[in-house]
Engineer: 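Questions regarding the structure given below will be posed in turn.
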Amino acid sequence: MQSIFEELKQLASVDLFVESRKDDAFVGRPFYLDFDRLRLMSNDKWKHSVGGVPAGAFLLALYNGEPGIDEAILLRVLRPTKLPTDDDMVMAMVDHYKEAPREDGGAPLDSYTRAEFQFSGLECRVIGTFYRDTNRATRFAGDLDNFYAPHNYRVVKPSGKVLEYIVNFREDGIPGGKGDERIGRVRYSSSLRHHGGDEVPVYVSALDFLGKRTALFGMTRTGKSNSVKKIIQATVKIGGSGVKIKDETLLTVGQIIFDINGEYANANQQDEGTAIYEQYPLDVTRYSVLEKTGFKVMKLNFYESVVEGHSLLASLLGDDTSTYTRAFCSIDWTEPDATDFSATTRHAVMKAAYLACLKSAGYGDGGIKVKFSSNKTIMESGIPGLGGVDPSKGITLDDAITWFSAAWANYDDQNGPFQALKREKKGRDWADEDTQTLMRFLTRRAKPGGAPNEAGYRKLIKHRDLHTSSIAKPFEDEIIELLRAGKIVILDLSQGDPQIQRTYSDRVSRKIFVEAMDRFIKNQQTNFIQMYFEEAHNLFPRKDDKDLTQIYNRLAKEGQKLRIGLCYATQEVSSISSSILKNTQNWFVSHLNNRDELRELDKYYDFEDFTDSLRRTIDKGFIRLKTDSNTFIVPIQVDPFKVMGS
């Protein structure tokens, strides 16, 4: 079986201008031409001989005004257009129908009339120009720098190797290096009645996706996930292949999939045998929010990873607008300077109070003890839970709960130890604001000594399933290590509620971005990381969201310089922030049934040419493809993803 490299090498030898001049490809003659449009006259016989001329088909207008000039205008068929003689033809046709008896077709048409009735017009978009440069090399430009009278051109429909040459042509000619992969074949329409002959393969370069933005739009079950799997497959092949980018050898590529539906991480009946983890069992690490066989659990030890755990809880409580909850979420965990004894002491007290909140919310404790400095005045106060207790020697979390509860109950007592210490320290509270917030959260009392009428720590109870006592390293750190090693990570978020999905997606994305930015600032060598988002409308900022600091906006705008690629799939073009869409280089678009979505799509490239067909055709894998290195959109049928060796 020929390799892709050999196929493309043979394709590069095709002479577009010689092959396309064959008479059997003739479609018609132009009668109007400008920089954007060409209108041509065709005939039923000519169209039949080339296998039909569907909307979206590529045509070539070959210049034959002067000998020895190789120039061909690339066209895309848009719609029928009116010929100057159409009104006369319609009148003649109507007269013939009137005279014909109802029982049969009437008198047969004479040959002249029949020939006249067969002519029709087609309107085409001018896509660009193929020409030879001064070195006789074939070039393509995405416009016209001049046009001549229409009679100087003849229009042909390319097929076979000529069409393959056209759809795979890049700025510098036909591709053929490492990273080129077959993605599918040319397909113009849903109907395949006139489809015949050899299929025309379409290739993509994995380099088009590295560090770039890639969008996949289409209704459910129209082939978005299949296309994503093909991209992942091509990316695995190019990683570590030795190909160079700007004289730098490409390292293995890390890939992470945010799997909202679980179809990449798990085998399913609809796509049996095509789960990514089945193809790359040695390179894939799967994570889940639930404990499952074959998956690493995406949980935290909240006692070991205090900062990360609190950040996760703060994200989950992000919609809570109560003042004390906002204060809880805003706690500053910055480690103080070790030489600052006062700040270090206060930090230890705050941490102990926070861990006491976790214990009260049912997060377990693993038998740990906390240590923090009390005060002689407090220890000699005689208050139950405080008097005679020296936390600096270590106390259990149950004792810590008792200690902080007693402290808050007596905190404002003018005769108590805390107010005495405040007077002694000239108005400075023993507990800083963050510790006071935590004591309020722990006791559910808004004021010291008040009634427990707030939810407090109970707000944490519903999230305690995210805690595990068996993990010391935060899962985000482990994920970064895997990606830097060129592995594939799949986050199975299918069993999480929407808030959990967004929280984990945001956290991991932000971690990747921050780590990559740190490497960029330090000018460290780094590999590419590709990020894949399914059901992106559930995660990405909405179209009308003006906050450009959100992580997905930052990935779209700054990811390329950080070597982070972004690939997102959704049914809703209109739901995606315009700042992300404007930075997207690669587009895979399949069936969309909504005019609003199609109007949004019309704003980009020349997708307006495909609006009607995108709404009508529902075939799975029928994609309109625009890649970074290709100047124009190509309608294709994507090949089914297959596990290698199957």
Side-chain angles (χ1 to χ4, degrees), residues 301-314 317 323-361 363 365 368-381 383 385-414 416-450 454 456-457 460:
N301 185 323
F302 280 75
Y303 294 104
E304 294 288 340
S305 304
V306 172
V307 178
E308 293 82 0
H310 177 263
S311 176
L312 179 57
L313 292 173
L317 294 172
T323 302
Y324 78 95
T325 304
R326 302 315 314 145
F328 172 83
C329 294
S330 301
I331 290 173
D332 183 7
W333 291 104
T334 304
E335 287 283 346
D337 189 327
T339 61
D340 189 338
F341 177 75
S342 177
T344 302
T345 299
R346 285 172 174 261
H347 190 273
V349 173
M350 181 178 70
K351 179 178 177 181
Y354 170 67
L355 298 185
C357 290
L358 295 179
K359 170 64 175 176
S360 294
Y363 283 63
D365 61 15
I368 68 170
K369 291 186 176 183
V370 292
K371 293 182 179 181
F372 60 94
S373 296
S374 178
N375 184 280
K376 183 179 180 182
T377 302
I378 299 173
M379 289 189 287
E380 293 178 352
S381 66
I383 298 173
L386 299 177
V389 179
D390 184 1
S392 65
K393 295 180 179 179
I395 59 175
T396 66
L397 286 180
D398 286 328
D399 289 339
I401 292 171
T402 301
W403 196 98
F404 284 109
S405 297
W408 192 240
N410 294 275
Y411 199 78
D412 282 351
D413 185 353
Q414 294 301 314
F418 296 100
Q419 290 304 310
L421 288 170
K422 186 175 182 178
R423 291 190 292 270
E424 182 181 316
K425 295 183 178 181
K426 298 180 180 180
R428 183 182 180 186
D429 273 307
W430 178 83
D432 60 21
E433 287 187 11
D434 285 341
T435 300
Q436 291 183 47
T437 294
L438 288 166
M439 289 193 290
R440 175 179 177 178
F441 214 75
L442 174 67
T443 62
R444 301 174 40 240
R445 303 171 193 269
K447 298 291 184 181
E454 294 181 335
Y457 70 83
L460 308 181

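What's counted below: heavy atoms across the whole structure, side chains too, no hydrogens, waters or symmetry copies.
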Engineer: Nearest 0.5 Å please: distance from the CG atom of Asp434 over to the CZ atom of Arg346.
Structural biologist: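 Asp434 CG to Arg346 CZ: 10.5 Å, rounded to 0.5 Å.
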Engineer: What residues, two or more places apart in sequence or in another chain, satisfy side chain to side chain donor-acceptor pair (under 3.5 Å) together with Thr377?
Structural biologist: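 By the side chain to side chain donor-acceptor pair (under 3.5 Å) rule, Thr377 matches Asn375.
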Engineer: Determine whether the side chains of Ser342 and Arg428 contain a donor N or O and an acceptor N or O closer than 3.5 Å.
Structural biologist: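 Judged by distance alone, the side chains do pair up.
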Engineer: Taking only residues two or more places apart in sequence, or in another chain, which ones meet Ser373 in a side chain to side chain contact (heavy atoms under 4.5 Å, CB included)?
Structural biologist: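 Residues passing side chain to side chain contact (heavy atoms under 4.5 Å, CB included) with Ser373: Thr345.
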Engineer: Apply the test side-chain contact (heavy atoms from CB on, under 4.5 Å) to residues Tyr457 and Leu358: give CA-CA distance (whole Å), side-chain angles for both, the deciding distance (0.1 Å), then the verdict.
Structural biologist: CA-CA 7 Å; Tyr457 70 83; Leu358 295 179; over 6 Å; no
Engineer: So do Ser392 and Phe372 actually touch side chain to side chain, heavy atoms under 4.5 Å?
Structural biologist: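 The answer is no, as the side chains (C-beta and beyond) never meet within the 4.5 Å cut-off.
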Engineer: Quick one: does Ser381's side chain have a donor or acceptor within less than 3.5 Å of a partner on Ile378's backbone?
Structural biologist: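 Present.
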Engineer: Considering all heavy atoms of both residues, which atom of Thr402 and which atom of Gly385 are nearest to each other, and what is their separation?
Structural biologist: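 It is CG2-CA, 4.0 Å.
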Engineer: Mind checking the OG-CG spacing from Ser360 to Leu397? Nearest 0.5 Å is all I need.
Structural biologist: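 Spacing of OG (Ser360) from CG (Leu397) equals 9.0 Å.
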Engineer: With sequence neighbours excluded, what pairs up with Val306 under the side chain to side chain contact (heavy atoms under 4.5 Å, CB included) test?
Structural biologist: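 Residues passing side chain to side chain contact (heavy atoms under 4.5 Å, CB included) with Val306: Trp333, Lys351, Tyr354, Leu355.
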Engineer: If you measure only the distance, is there a donor-acceptor pair under 3.5 Å linking the side chains of Thr396 and Asp398?
Structural biologist: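 Distance-only check fails for Thr396 and Asp398.
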Engineer: Just jot down the side chain to side chain donor-acceptor pair (under 3.5 Å) partners of Asp340, sequence neighbours excluded, or say none.
Structural biologist: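 In terms of side chain to side chain donor-acceptor pair (under 3.5 Å), with neighbours along the sequence ignored, Asp340 is linked to no residue.
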Engineer: Identify the heavy atoms of Ala446 and Trp408 that sit nearest to each other, and give their distance.
Structural biologist: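 Smallest interatomic distance, heavy atoms only, reads O-CZ2, 3.9 Å.
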Engineer: Check for a donor-acceptor pair, side chain of Asp399 on one end and backbone N or O of Ile395 on the other, with a separation under 3.5 Å.
Structural biologist: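 No, because the side chain of Asp399 does not come within donor-acceptor range (under 3.5 Å) of the backbone of Ile395.
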Engineer: Please report the interatomic distance CZ(Arg444) to OG(Ser405), rounded to the nearest 0.5 Å.
Structural biologist: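 Answer rounded to 0.5 Å: 11.0 Å.
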Engineer: Atom CG in Asp337, atom OG1 in Thr344: separation rounded to 0.5 Å?
Structural biologist: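 The OG1 atom of Thr344 is 7.0 Å from CG of Asp337, to the nearest 0.5 Å.
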Engineer: What are the two closest non-hydrogen atoms of Ile401 and Lys359, and how far apart are they?
Structural biologist: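 In terms of heavy atoms, the two residues are closest at CD1-CG, 3.4 Å.
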Engineer: Within the 4.5 Å heavy-atom criterion, are Leu386 and Met379 side-chain neighbours or not?
Structural biologist: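 Side chain of Leu386 against side chain of Met379, heavy atoms only: no contact under 4.5 Å found.
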Engineer: Can the ring centroids of Phe302 and His310 be said to lie less than 6.0 angstrom from one another?
Structural biologist: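 No, the ring centres sit 6.0 Å or more apart.
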Engineer: Of all heavy-atom pairs between Trp403 and Ser374, which one has the smallest distance, and what is that distance?
Structural biologist: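 Nearest pair, atom of Trp403 first, then Ser374: CZ2-OG, 3.6 Å.
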Engineer: What closest approach, in Å, do Ser330 and Arg326 show between heavy atoms, and which atom pair accounts for it?
Structural biologist: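 Nearest heavy atoms, Ser330 then Arg326: OG-O, 2.8 Å.
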Engineer: Donor-acceptor pairs under 3.5 Å, side chain of residues 417-426 to any protein atom, not counting sequence neighbours: which ones?
Structural biologist:
{"from": "Gln419", "atom 1": "NE2", "to": "Tyr411", "atom 2": "O", "distance (Å)": "3.0"}
{"from": "Arg423", "atom 1": "NH1", "to": "Gln414", "atom 2": "O", "distance (Å)": "3.2"}
{"from": "Arg423", "atom 1": "NH2", "to": "Gln414", "atom 2": "O", "distance (Å)": "3.2"}

Engineer: For residues 435-443, run the donor-acceptor check on the side chains, cut-off 3.5 Å, and write out each pair with its distance to 0.1 Å, sequence neighbours left out.
Structural biologist:
{"from": "Thr435", "atom 1": "OG1", "to": "Asp432", "atom 2": "OD1", "distance (Å)": "2.9"}
{"from": "Gln436", "atom 1": "NE2", "to": "Ala431", "atom 2": "O", "distance (Å)": "2.9"}
{"from": "Thr437", "atom 1": "OG1", "to": "Glu433", "atom 2": "O", "distance (Å)": "3.0"}
{"from": "Arg440", "atom 1": "NE", "to": "Glu454", "atom 2": "OE1", "distance (Å)": "3.0"}
{"from": "Arg440", "atom 1": "NE", "to": "Glu454", "atom 2": "OE2", "distance (Å)": "3.3"}
{"from": "Arg440", "atom 1": "NH2", "to": "Glu454", "atom 2": "OE2", "distance (Å)": "2.5"}
{"from": "Thr443", "atom 1": "OG1", "to": "Met439", "atom 2": "O", "distance (Å)": "2.8"}
{"from": "Thr443", "atom 1": "OG1", "to": "Arg445", "atom 2": "N", "distance (Å)": "3.4"}

Engineer: To the nearest 0.5 Å, what is the distance between OH (Tyr363) and CG (Asn301)?
Structural biologist: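 One gets 12.0 Å once the value is rounded to the nearest 0.5 Å.
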